Amino acid sequence: MEQQQHQLQHFIHPNHRHPLLFNPDDRSGRDCWGCWEPVYGPSYSCKECQGRWLHHKSCAELPLGLHHPLHPIHPLILFDTFTWRYSYDERQFYKCELCKNLYKEGGYLPYIYWCSRCDFNLHITCASLAPTTMEPEFHHHLLTPVWKWITFTCDLCGIEDKGMPYLCHLCDFWIHGRCFVFPRRVKVVRHKHLLHLTHSSLEFHQSDSRFCQICVQKVDTRYGLYYCSRCDFVAHLNCAIDRRNKEDMNLQEFKDVDEVPELNESADSATYEVKKSNMKEDGTQIVEEIKHISHEHDLKLTNEVPNNQICDGCVRAILPPFYSCVKCRFFLHESCAKLPPKKQHPLHQHPLILLPMKPSQYFRCKACSQYCNGFTYKCEECSFYLDVQCSLISNILTHKGHEHPLILSYITHKQKCSCCSKESDQVFRCTSCEFALDYKCATLPHTTRYNQHEHPFTLCYRNEDDSGEYYCDICEEERDSKHWFYYYEDCSYPTHPKCILGKFSNYKFGGVYTFDCHPHPITLVEKTKDHPPCHICNKPCKYFIYQCVQCNFNMHESCALEE
């Protein structure tokens, strides 16, 4: 490389056609071609190629050759893996001998230092000769690198590995170089206080049986963990810094206090306007009429339950007290009308905004994976949706179907639900036994009705008898004896939840809407075999269809979305 007056002739540029120009303060945040980390500060890039070949200043000025203490017998040569991967077989060309990682971002890999004779590789960040001492946030003493390959157990993450450790001579404390990334403090979504990294077993008894409050798996207290001493809240290191669990905030604002201000989740004028209210004798105010953001007409409070009507907010059977519209079939539980406009949920790191669904629109809940056309809590930044039922569940659940409290477990691999055998990466786990419950089963209604049956069916958690043969009376197929089911005892009528609730249990059908493409009001219904094709696209509907009760007009739901 040759540097002249803020220019750099770099080996990465094709045929060395253009020099890379120096920028003292690059704020683009684009990835560096050498290490694939964002660039903020001094940089080099090719202006002739619209800013391509962007590098940190330090990455652009790396030496082409390096003598490294981890491989003293031969020099290491700097290589661009994007260019050279077509010249060599895959083997272990990209695997770093120090961090053991195979980085790959967008199909490209960072620069490496390579010994071709020994097939020895180091990423440029790992090859950088560390200073004689390091001062991590979480340890009181300086750590010194041991420039020798040894097998050791990291005192922070507890993983045994072969590599180059960092050592505190005063404490006999050994850690991986990669474990420096763990911050001293972290804020997770499901806990109101900051968590502090501790790697001293003095705060815990050796025999303590601890569970991570994020993944609900056992924690080895002999090694590092995140801990809140005020609440006795424990989390694994990797669970606490996982982007799905870590709250996105500047912790420098909370230097002296551990408690972070919580989001105000009280309902206010952002969701409804009081039109009429009365005061009871005990001083309690009764809001009798409101104007809600979800509906064009005023809604009146009533206790007279209509037959088989569904709440437009939570898409569950209407129970008193509730608000209704005298002009159309719109119903809203009092609790749904007073849902907070903003909510913080343990499944997401950003605040969620309450939104009613517009006619012909629906979403898929990220918790239970079911489609819904009721109210949703949405993160605009991440397109994250929660239906009302899932939004009401906190990270600790007490359920009639299990005798112990259940804690939300959110991890990367799938876990099997004990009540339906389906797998999910977010389930409620029991710390006393192997019981697990997914969101779909956790939000099953306790009672439901089916067709012309006079009495409601109740959700049952254990078999109705000890016959050993169990069938669903709707589909007439065998039931798994371990799975929950709906049952009406007087008529001995057991059913699968999916059979009695239907395929779209979180969908409200029967709503009447108006569209510019048709002169009459049309109703959303579930498609049957007898429905004719859509009059707009002339294709058969797959699941739902809008139907006019006054004429033979049918419209596909996807066509309604375009209107």
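Everything quoted here is computed from the prediction, not taken from an experiment. Count residues from 1 along the sequence.
- The pair Asp232-Arg210 counts as a salt bridge, with a side-chain nitrogen and a carboxylate oxygen less than 4.0 angstrom apart.
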Item to check | salt bridge (Lys or Arg N to Asp or Glu O under 4.0 Å) between Arg222 and Asp220, intermediate numbers included | outcome: CA-CA 5 Å; Arg222 296 175 299 171; Asp220 192 336; 2.6 Å; yes

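- Ser424 and Gln415 are not linked by any side-chain donor-acceptor pair at a separation below 3.5 angstrom, with hydrogens and angles left out of the test.
- Between Cys420 atom SG and Lys482 atom NZ the span is 13.5 Å, to the nearest 0.5 Å.
- The OG atom of Ser391 sits 6.5 Å away from the CG atom of Leu339 when rounded to the nearest 0.5 Å.
- A distance of 9.0 Å separates NE2 of His453 from OG1 of Thr495, quoted to the nearest 0.5 Å.
- Under 3.5 Å, the side chains of Thr458 and His446 contain no donor-acceptor pair of N or O atoms.
- Scanning all heavy atoms of the two residues, the minimum distance from Cys419 to Leu437 falls at SG-CD1, 3.5 Å.
- A cation-pi geometry, defined here as NZ or CZ lying under 6.0 Å from the six-membered ring centre and within 45° of its normal, does not hold between Arg479 and Tyr470.
- By the 4.5 Å heavy-atom criterion applied to side chains, Thr448 and Tyr450 are not counted as neighbours.
- The closest side-chain heavy-atom distance from Asp387 to Tyr377 is not below 4.5 Å.
- By the 6.0 Å contact criterion, CZ on Phe504 is enclosed, its count of non-hydrogen atoms from other residues, nucleotides or ligands being greater than 12.
- Ring geometry, Tyr488 versus His455: the interplanar angle falls under 30°, so the pair is classed parallel (tilted spans 30 to 60°).
- In this structure, Tyr410 and Asn395 have side chains that are not in contact, with every pair of non-hydrogen atoms separated by 4.5 Å or more.
- Residues Cys228 and His191 come closest through the heavy atom pair SG-NE2, 3.3 Å.
- For the salt bridge (Lys or Arg N to Asp or Glu O under 4.0 Å) test, no residue two or more places apart in sequence or in another chain qualifies with Arg190.
- Between His402 and Phe435, the ring-plane angle classifies as parallel under the 30° and 60° cut-offs.
- Of the candidates Tyr493, Tyr487, Tyr486, Tyr493 is the only one forming a ring pair (Phe, Tyr, Trp, His ring centres under 6.0 Å) with Phe457.
- Taking each heavy atom of Ile214 and Cys239 in turn, the nearest pair found is CD1-O, 3.8 Å.
- The aromatic rings of Trp484 and Tyr461 sit perpendicular, their planes meeting at an angle over 60°, well past the 30° parallel limit.
- By the 4.5 Å heavy-atom criterion applied to side chains, Asp438 and Phe428 are not counted as neighbours.
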Next on the checklist: Set out, in order, the CA-CA distance, both residues' side-chain angles and the distance that settles salt bridge (Lys or Arg N to Asp or Glu O under 4.0 Å) for Lys414 and Glu423, then state yes or no.
Outcome noted: CA-CA 5 Å; Lys414 300 285 186 179; Glu423 293 186 337; over 6 Å; no

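- Legend: residues meeting salt bridge (Lys or Arg N to Asp or Glu O under 4.0 Å) with Arg244, ordered by chain and number and at least two apart, are Asp242, Asp425.
- Side-chain atoms of Leu332 and Ser294, non-hydrogen and from C-beta on, do get closer than 4.5 Å to each other.
- Taking Lys378 as the reference, Glu380 meet the salt bridge (Lys or Arg N to Asp or Glu O under 4.0 Å) condition, with sequence neighbours excluded.
- Here the side chains of Leu237 and Leu156 are in contact, with some heavy-atom distance below 4.5 Å.
- Taking every heavy atom of both residues into account, Gly401 and His399 meet most closely at N-ND1, 2.9 Å.
- For the pair Pro183 and Leu197, the minimum side-chain heavy-atom distance is 4.5 Å or more.
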Checklist entry - Under the ring-ring contact (aromatic ring centres under 6.0 Å, His included) criterion, do Tyr166 and His176 qualify, and how do the steps go? => result CA-CA 6 Å; Tyr166 283 78; His176 295 116; over 10 Å; no

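- Leu501 CG to Lys440 NZ: the interatomic distance, rounded to the nearest 0.5 Å, is 9.0 Å.
- Atom NZ of Lys366 has 12 or fewer heavy atoms from other residues, nucleotides or ligands within 6.0 Å.
- When all heavy atoms of Lys508 and Asn373 are compared, the closest pair comes out as N-OD1, 2.9 Å.
- Across all non-hydrogen atoms, the minimal contact from Cys336 to His292 is O-NE2, 4.3 Å.
- The side-chain heavy atoms of Thr151 and Asp161, taken from C-beta on, include no pair separated by under 4.5 Å.
- Separating the CG atom in Asp465 from the OG atom in Ser492 is a distance of 7.5 Å, to the nearest 0.5 Å.
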